[in-house]
2 protein chains.
Amino acid sequence: MALTAAQNRVVTAAVELFARNGVGGTSLQMIADEIGVTKAAVYHQYNTKDEIVLAAAEAELARLESVLSQAEAAGSPKQARAALVAGIVDLAVEGRRTVGSILNDPVIVGFFADHRMFRDVMTRLRRLLIGDDTGPEARVQTAILLAAISGAVMHPFVADLDDEVLRTQLLHMAVRLLQ
Amino acid sequence: MALTAAQNRVVTAAVELFARNGVGGTSLQMIADEIGVTKAAVYHQYNTKDEIVLAAAEAELARLESVLSQAEAAGSPKQARAALVAGIVDLAVEGRRTVGSILNDPVIVGFFADHRMFRDVMTRLRRLLIGDDTGPEARVQTAILLAAISGAVMHPFVADLDDEVLRTQLLHMAVRLLQ
DNA sequence: GTCTATAGACCGATAGAC
DNA sequence: GTCTATCGGTCTATAGAC
């Protein structure tokens, strides 16, 4: 899981290109060109394209996992939820160019379903946001909250807005939606 | 714009495959196989892959445009907004497997920015939802509303929910968010 | 860790018969 | 409207030198 400097260059370039062209529209040659090395040098770090996609998805997820862990350490469930939502808003705004495309790419969504690491984070996320209420209303409401945050940051309607303005408005709405 | 039967088969297969594999991850061979013809037969309908992608995006957008036109014919702005939101919820739930992936694919998002038809629909959508208020709050709120609807329907948290339950919950939230 | 060079499959696209 | 056959190019992936 700990990446070497060379692996980090590969993953960073991959995340950027996946957001720009989609996973299926990104070749190893593109990644190599973006870094300024040859394909063979990329293959020295990862043996298949799938491994790169997985590493890129894990790198993005690691940031969410970090926010999640911090939130779980909060005093009360209510404080935990607030901390989590604020952290997710920060994450989404910070990565507004890349997060959305990657989260929605069909190939990566497939990984989400297949690998336990992703499911575990989703379970923790769900538990923190809605506790033990597994009814339809709570599930839809949580899906809306998460989709709204990750989707709104890359919407054309807000493309020309400052990060700070976007963050403030988004957080305000998220708090309202959570009540 | 009016599609022949053969063109319709191509576009329908393309929409399905784009949702499953992404635009960049879908080849003309895949589309041909899905229909049960050869690549050359597909090329007889559309001369390039880009034309197919464009036709697929237009087909999806045409459904939104139809909802938009109906809403614009409503008596008051308030009624128009309500009709529009209800129509969009229906559209999203109906196409919950495909709509989300296609709306977020980087290649199609690029088309959205380049082609006037998409921008026109977006302008009408925006006018109907927020009128002449072009401030940050209104823009973020509208982006949230649209992102929430299109993103929530394909969220893993609601994957096992009935269409009817999902539609009801989603509509309830949308109305609340619109106030 | 990076390179050159290459293998074999698949890509988008075209020609021409039926 | 669909087919067979083919083109040049790019794809993922590997071998082996430095």
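A, B, ... follow the sequence lines: proteins, then strands. Residue 1 opens every chain.
Atoms CZ and OG1, from B/R126 and B/T134 in turn, are 6.5 Å apart once rounded to the nearest 0.5 Å. Between B/L161 atom CG and A/R139 atom CZ the span is 5.0 Å, to the nearest 0.5 Å.
The two residues B/N104 and A/M154 come nearest to each other via the heavy atoms OD1-SD, 4.4 Å. Shortest non-hydrogen contact noted between B/L54 and B/F118 is CD1-CE1, 4.0 Å. Contact detail for B/I31 and B/A14: the closest heavy-atom pair is CD1-CB, 4.1 Å.
In this structure, B/Q45 and B/T4 have side chains that are in contact, with non-hydrogen atoms separated by less than 4.5 Å.
For A/H115, the NE2 atom is densely surrounded, since the number of other residues' heavy atoms within 6.0 Å is greater than 12. More than 12 heavy atoms of other residues, nucleotides or ligands lie within 6.0 Å of CZ in A/R119, so this atom counts as buried by the packing criterion.
Between the side chain of A/T142 and the backbone N or O of A/A138, at least one donor-acceptor pair lies under 3.5 Å.
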Can you name the atoms? Protein N/O to nucleotides 9-13 of chain C N/O, anything below 3.5 Å, with the distance.
unit_1	atom_1	unit_2	atom_2	d
C/dC11	OP1	B/S27	OG	2.9
C/dG12	OP2	B/L28	N	2.9
C/dG12	N7	B/K39	NZ	3.1
C/dG12	O6	B/K39	NZ	3.4
C/dA13	OP2	B/Y43	OH	3.1
C/dA13	OP2	B/K49	N	2.8
C/dA13	O5'	B/Y43	OH	3.4
C/dA13	N6	B/K39	NZ	3.1

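For the 3.5 Å distance criterion, the side chains of B/S69 and B/R124 qualify, holding a donor opposite an acceptor.
Chain B approaches DNA chain D over the interval D/dG1 to D/dT4, counting the first and last nucleotide 5' to 3' with an atom under 4.0 Å from its heavy atoms.
DNA chain D is contacted by no residue of residues 15-22 of chain B, taking any non-hydrogen atom closer than 4.0 Å.
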